[in-house]
Amino acid sequence: MPVLPATEEAIGQAAQALAKGDIVAFPTETVYGLGANALDASAVARVFAAKERPRFNPLIVHVPDLAAAERYAVFDDTARKLASAFWPGPLSLVLPLRPGGGIADLVTAGLDTIALRAPNHPVAQALLAAAKLPIAAPSANRSGRISPTRASHVAAELGETPAMILDGGPCARGIESTVVSVAGDAPVLLRLGAIPREDIEDVLGARLPQAKEDAAIASPGQLERHYAPNTPLRLAATEVRAGEALLAFGPTPPKGARHSVNLSPAGDLEEAAAKLFAALRELDAGGASAIAVMPIPNHGLGEAINDRLQRAAKAR
Ligand code: TXA
Ligand code: MG
């Protein structure tokens with residue numbers, strides 16, 4: 001995990017690393033991000049593994065500008081107004097996901113919305129230009145720790161994980177972006193951050209009510225309405241019953257499923273995380289009476305996988 005001064009050459013190497021699925025830590029004006037190609041589910045799974053997140057929270061996707069953002073999300077007039085006023089800058093907009101944009105399900109945690117922002121930092125912008133990819137990046141800290149505002153913080157916290165840490169000096173803002181949802185009927189503040197609420201209200205010409213922090217994500221009710229398959233899930237299944245589909249894990253799945261997807265025949269939890277949401281969708285569409293889910297080991301990314309499966313099982 002070399003810490004490299006963010007020269008043009010290092011940025012070029014970082015872009016290549018992203019393109020081949022590696023993760024790269026890079027500076028933004030708010031905090032350092034732990035970046036992965038947002039189109040590559042395996043790379044995104046490695047970000048979750050590095051952060052040791054017990055849950056798959058959706059990640060912010062970084063893009064150079066509004067034009068790039070419109071490839072991945074649907075903007076209405078309000079969303080465009082906010083993007084024009086604050087981008088590039090520390091405002092993340094939660095928007096309806098544009099179907100067919102290619103964003104990995106794991107980035108949005110299977111939601112039909114996506115958080116996007118155009119960072120205002122020359123290194124982040126140069127990296128986006130060189131990579132020509134949308135970059136999914138949470139703050140480059142372990143889950144539950146403080147966000148890093150210097151390359152040395154990232155090195156201390158995440159050590160060997162990123163292929164590279166681009167050092168762009170201390171972050172000017174030092175607190176995370178403000179997150180506003182424009183995916184519903186009216187804008188809602190989801191996370192306080194570097195842009196004051198009043199500044200956003202001035203642009204909107206209206207009050208910006210605040211949801212409970214991460215309400216859309218944290219509140220199980222809302223979460224489940226979005227993520228849950230319609231087909232019931234039967235967890236910790238060791239055999240397949242008549243009419244069931246199978247979500248398998250490991251080398252020896254039980255036989256007899258009308259339709260099965262193996263998250264990882266090799267028993268690799270990162271591979272399983274990368275495939276999870278797409279697998280649920282696929283099995284859900286197959287018309288089975290239920291989806292039998294094999295036990296998933298509850299360590300590493302297995303904890304987040306099991307959290308998601310339990311929510312999906314309870315949702316109905
Ligand atoms: O300043 C920042 O925003 C930094 C830099 C690296 O850009 N990133 C950051 O990411 O703080 P992270 O993953 O630590 O926080 C992302 C926030 C979380 O609160 C998450 O719940 C919210 O954005 N979020 C992401 N996608 C969402 C969605 N589809 N709906 C609602 N909230 C979403
Ligand atoms: Mg964070």
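Sequential numbering from 1 along the given sequence is applied to the chain's residues. For the numbers below, each heavy atom of this structure counts, side chains included, while hydrogens, waters and symmetry mates do not. Atoms within each ligand, like the ligands themselves, are counted from 1 in listed order.
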S.K.: Just which atoms of ligand 1 are under 4.0 Å from any heavy atom in S139?
M.R.: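 Selected atoms, number and element: 8 (N), 9 (C), 10 (O), 12 (P), 14 (O).
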S.K.: Just checking F56 against F48, ring centres under 6.0 Å apart?
M.R.: yes
S.K.: Pick one of side chain, backbone, both or neither for how R191 approaches ligand 1, counting any non-hydrogen atom pair under 4.0 Å.
M.R.: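 For R191, only side-chain atoms sit under 4.0 Å from ligand 1.
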S.K.: For atom CZ of R98, decide whether the heavy atoms of other residues, nucleotides or ligands shown that lie under 6.0 angstrom number more than 12.
M.R.: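 Check passes, neighbour count above 12.
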S.K.: Using a 3.5 Å cut-off and no angle test, enumerate the donor-acceptor pairs between side-chain atoms of residues 294-303 and protein atoms at least two apart in sequence or in another chain.
M.R.:
unit_1 : atom_1 : unit_2 : atom_2 : d
N298   : OD1    : N306   : ND2    : 3.0

S.K.: Check whether any N or O atom of S177, backbone or side chain, sits under 3.5 Å from an N or O atom of ligand 1, and answer yes or no.
M.R.: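 Between S177 and ligand 1 (N or O atoms, distance only) the closest approach is under 3.5 Å.
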S.K.: Is the closest heavy-atom distance from T108 to ligand 1 below 4.0 Å?
M.R.: no
S.K.: Below 3.5 angstrom, do we get any N/O pair linking N57 and ligand 1?
M.R.: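 Among all N and O atoms of N57, none is under 3.5 Å from an N or O of ligand 1.
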S.K.: For L190, counting its heavy atoms only, list the atoms of ligand 1 lying under 4.0 Å from any of them.
M.R.: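 Result: 31 (C), 32 (N).
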S.K.: For H62 and ligand 1, does the shortest N/O to N/O distance drop below 3.5 Å?
M.R.: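 Yes, since at least one N or O of H62 sits under 3.5 Å from an N or O of ligand 1.
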S.K.: Out of all atoms in ligand 1, which are within 4.0 Å of some heavy atom of T113? Include the element for each.
M.R.: 28 (C), 29 (N), 30 (N)
S.K.: Test of understanding: clusters of I, L, V, M, F, W, Y form through side-chain heavy atoms closer than 4.5 Å, transitively. Do L263 and L246 belong to the same one?
M.R.: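 L263 and L246: separate clusters.
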S.K.: Between H259 and E244, do the side chains contain an N or O donor and an N or O acceptor separated by less than 3.5 Å?
M.R.: no
S.K.: Kindly indicate whether the side chain of Q125, heavy atoms from C-beta on, has any atom under 4.5 Å from the side chain of P119.
M.R.: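 Answer yes - side chains close enough.
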S.K.: For ligand 1, is there an N or O atom under 3.5 Å from any N or O atom of R117?
M.R.: yes
S.K.: Can you name the closest pair of heavy atoms from A163 and P2 and give their distance?
M.R.: O-CD, 3.2 Å
S.K.: Please determine whether any non-hydrogen atom of P90 lies less than 4.0 Å from an atom of ligand 1.
M.R.: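 Outside the 4.0 Å threshold, so no.
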S.K.: Between the side chains of S92 and R191, is a donor N or O closer than 3.5 angstrom to an acceptor N or O?
M.R.: no
S.K.: Out of D112, V94, I60, who gets a non-hydrogen atom closest to atom 23 (O) of ligand 1?
M.R.: I60
S.K.: Is V31 near ligand 1, meaning one of its heavy atoms is under 4.0 Å from it?
M.R.: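 For ligand 1, residue contact (heavy atoms, under 4.0 Å) with V31 is present.
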S.K.: Kindly check if the number of other-residue, nucleotide or ligand heavy atoms within 6.0 Å of CD1 (I146) is above 12?
M.R.: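 It does not: I146 CD1 has 12 such atoms or fewer within range.
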S.K.: Indicate yes or no: does an N/O atom of K51 lie under 3.5 Å from an N/O atom of ligand 1?
M.R.: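 N/O-N/O distance under 3.5 Å: no.
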S.K.: Around the Mg ion (ligand 2), what protein N, O or S atoms are found below 2.8 Å?
M.R.: S139 OG
S.K.: Under a 4.0 angstrom heavy-atom cut-off, which atoms of ligand 1 come close to A137?
M.R.: 6 (C), 8 (N), 10 (O)
S.K.: If you round to the nearest 0.5 Å, how far is CZ of F75 from CG of L82?
M.R.: 9.5 Å
S.K.: Looking only at side-chain N and O atoms, does T30 offer a donor or acceptor that is under 3.5 Å from a partner on S177?
M.R.: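 Short answer, no.
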S.K.: Could you give the distance from OH (Y32) to CG (L158), rounded to the nearest 0.5 Å?
M.R.: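 The OH atom of Y32 sits 13.0 Å away from the CG atom of L158.
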S.K.: Can you tell me how far CZ of R173 sits from OG of S147, rounded to the nearest 0.5 angstrom?
M.R.: 15.0 Å
